[in-house]
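Working notes for the structure below.
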2 protein chains.
Amino acid sequence: MSGRYSPSEAARRSGFSLDTLRYYEKIGLLSGIGRTAGGRRVFTDEDLGWLEVFRCLRDTGMPIAEMCRYAELARDGEHTARERQELLERHAGRVEEQMALLRRQYDHLRDKIRYYEGVVAATAAPAN
Amino acid sequence: MSGRYSPSEAARRSGFSLDTLRYYEKIGLLSGIGRTAGGRRVFTDEDLGWLEVFRCLRDTGMPIAEMCRYAELARDGEHTARERQELLERHAGRVEEQMALLRRQYDHLRDKIRYYEGVVAATAAPAN
DNA sequence: GCTTGACCTGGAGCGCACTCCAGGTTGAAC
DNA sequence: GTTCAACCTGGAGTGCGCTCCAGGTCAAGC
């Protein structure tokens, strides 16, 4: 509820490391992160919201360069909404393909494991 | 049916690049690849079978070091069947987690896209 | 006012999985 | 017997996404 978080608190809540948070700011993925008088970062709820989005995109395999593009569009304002939507739509399409591939290969993996269940059972209880 | 394939044919059939095939042999993932008198590689159907397995494991995110371990066990003979089975079982478990995460994040992505559909529609047909 | 742990910066380093390169060899087709 | 595309080797280079480091600063608690 408070809405102002230290770097380590932001790291804890977002699941990104401190170094990764600094890295994301350095490359311009995060921008406008507040600072105390002494120069320490202060993260807001909005920043954490962005981090949640980045986690979603990252976990689904979006390259950082594309996340940067998305963040940049968002910073540019409302009139980029359509472009952002299209970007996410394209990404979602790729994720669907990835999920289908993963499912297919998972099924092969399960087949292989079933094969081993046969082999191992035969070896464990040999002809008796 | 023939069962003897040139490097480029093996690459075509497996979907791995020539460089990747050479790399896999160099690190010991592939072993016992035949050679012509002149030193060129000759891939058999069995080799292609292994490549199919590697593709499955790779597509499901297994690190190369673990694939090497698996290949090594297989080379060691029948008595490693249980260990190979366990290795694949552990991997399958990780793949399940990965699929669950991917599905969750995909759903978030779809939510976000739906949100944009609202925004874009409102902008495209403003109050009239 | 001192200690101490969290934080700062710029930049180097890392792990992974390839990918590319130079310089040379092979072998099928003509 | 010449050509030329496909192949060979060892080793260097690449792209990604962090991760680590040195050397210093800040601020809360005693």
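Every chain is numbered from 1 and lettered A, B, ... according to where its sequence line falls, protein lines coming before strand lines.
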Could you tell me whether the side chain of B/Asp47 and the main chain of B/Thr44 form a donor-acceptor pair under 3.5 Å?
yes
Check every atom of C/dA6, D/dG17, C/dT19 against the side chain of A/Ile64 and return the nucleotide holding the closest atom.
D/dG17
What is the distance, rounded to the nearest whole Å, between atom CD of A/Glu66 and atom C1' of D/dG17?
16 Å
Indicate yes or no: does A/Arg35 engage A/Glu25 in a salt bridge with an N to O separation below 4.0 Å.
yes
Any side-chain N or O of A/Ser6 below 4.0 angstrom from OP1/OP2 of C/dC7?
yes
Round to the nearest Å and state the distance from B/Leu18 atom CG to D/dT9 atom P.
12 Å
Result for 5'-nearest mapping on DNA chain C, choosing between B/Met62 and B/Thr36, is B/Met62
Length of the line joining A/Asp59:CG and D/dG17:P, which is rounded to integer Å:
13 Å
Using only atom types and a distance under 3.5 Å, with no angle test, would you say the side chain of B/Thr80 pairs donor to acceptor with the backbone of B/Glu83?
no
Protein-nucleotide distance (A/Arg41, atom CZ; D/dC26, atom P), rounded to Å
14 Å
Scan residues 20-27 of chain B against DNA chain D and write down, sorted by residue number, each residue with any heavy atom closer than 4.0 Å; if none is found, say none.
B/Arg22, B/Lys26
Among B/His91, B/Arg94, B/Gln98, which residue satisfies the side chain to side chain donor-acceptor pair (under 3.5 Å) criterion with B/Thr60?
B/His91
Residue B/Arg40, side-chain heavy atoms: nucleotide from C/dT25, D/dG17, C/dA6 that is nearest
C/dT25
Select from B/Gly38 and B/Pro63 the residue whose nearest nucleotide in DNA chain C is closer to the 5' end of that strand.
B/Pro63
Side chain of B/Asp19 (C-beta onward), nearest among C/dC20, C/dC8, C/dA6:
C/dC20
Full working for salt bridge (charged side-chain N to carboxylate O under 4.0 Å, His left out) between B/Glu89 and B/Arg82:
CA-CA 10 Å; B/Glu89 192 68 64; B/Arg82 157 143 269 137; over 6 Å; no
Would you kindly give the CD1-to-C1' distance between A/Ile33 and C/dC8, to the nearest whole Å?
15 Å
Considering only D/dA27, C/dT9, D/dC18, which nucleotide approaches the side chain of A/Arg35 most closely?
C/dT9
Would the distance check show the side chain of B/Arg55 and the main-chain N or O of B/Gly15 forming a donor-acceptor pair, the cut-off being under 3.5 Å?
yes
Establish, with yes or no, whether the OP1 or OP2 oxygen of D/dG17 is under 4.0 angstrom from a side-chain nitrogen or oxygen of A/Arg58.
no
Test your reading of the model: is there a side-chain donor-acceptor pair from B/Thr20 to the backbone of B/Phe16, 3.5 Å cut-off?
no
To the nearest angstrom, how far is A/Leu29 atom CG from D/dC16 atom P?
15 Å
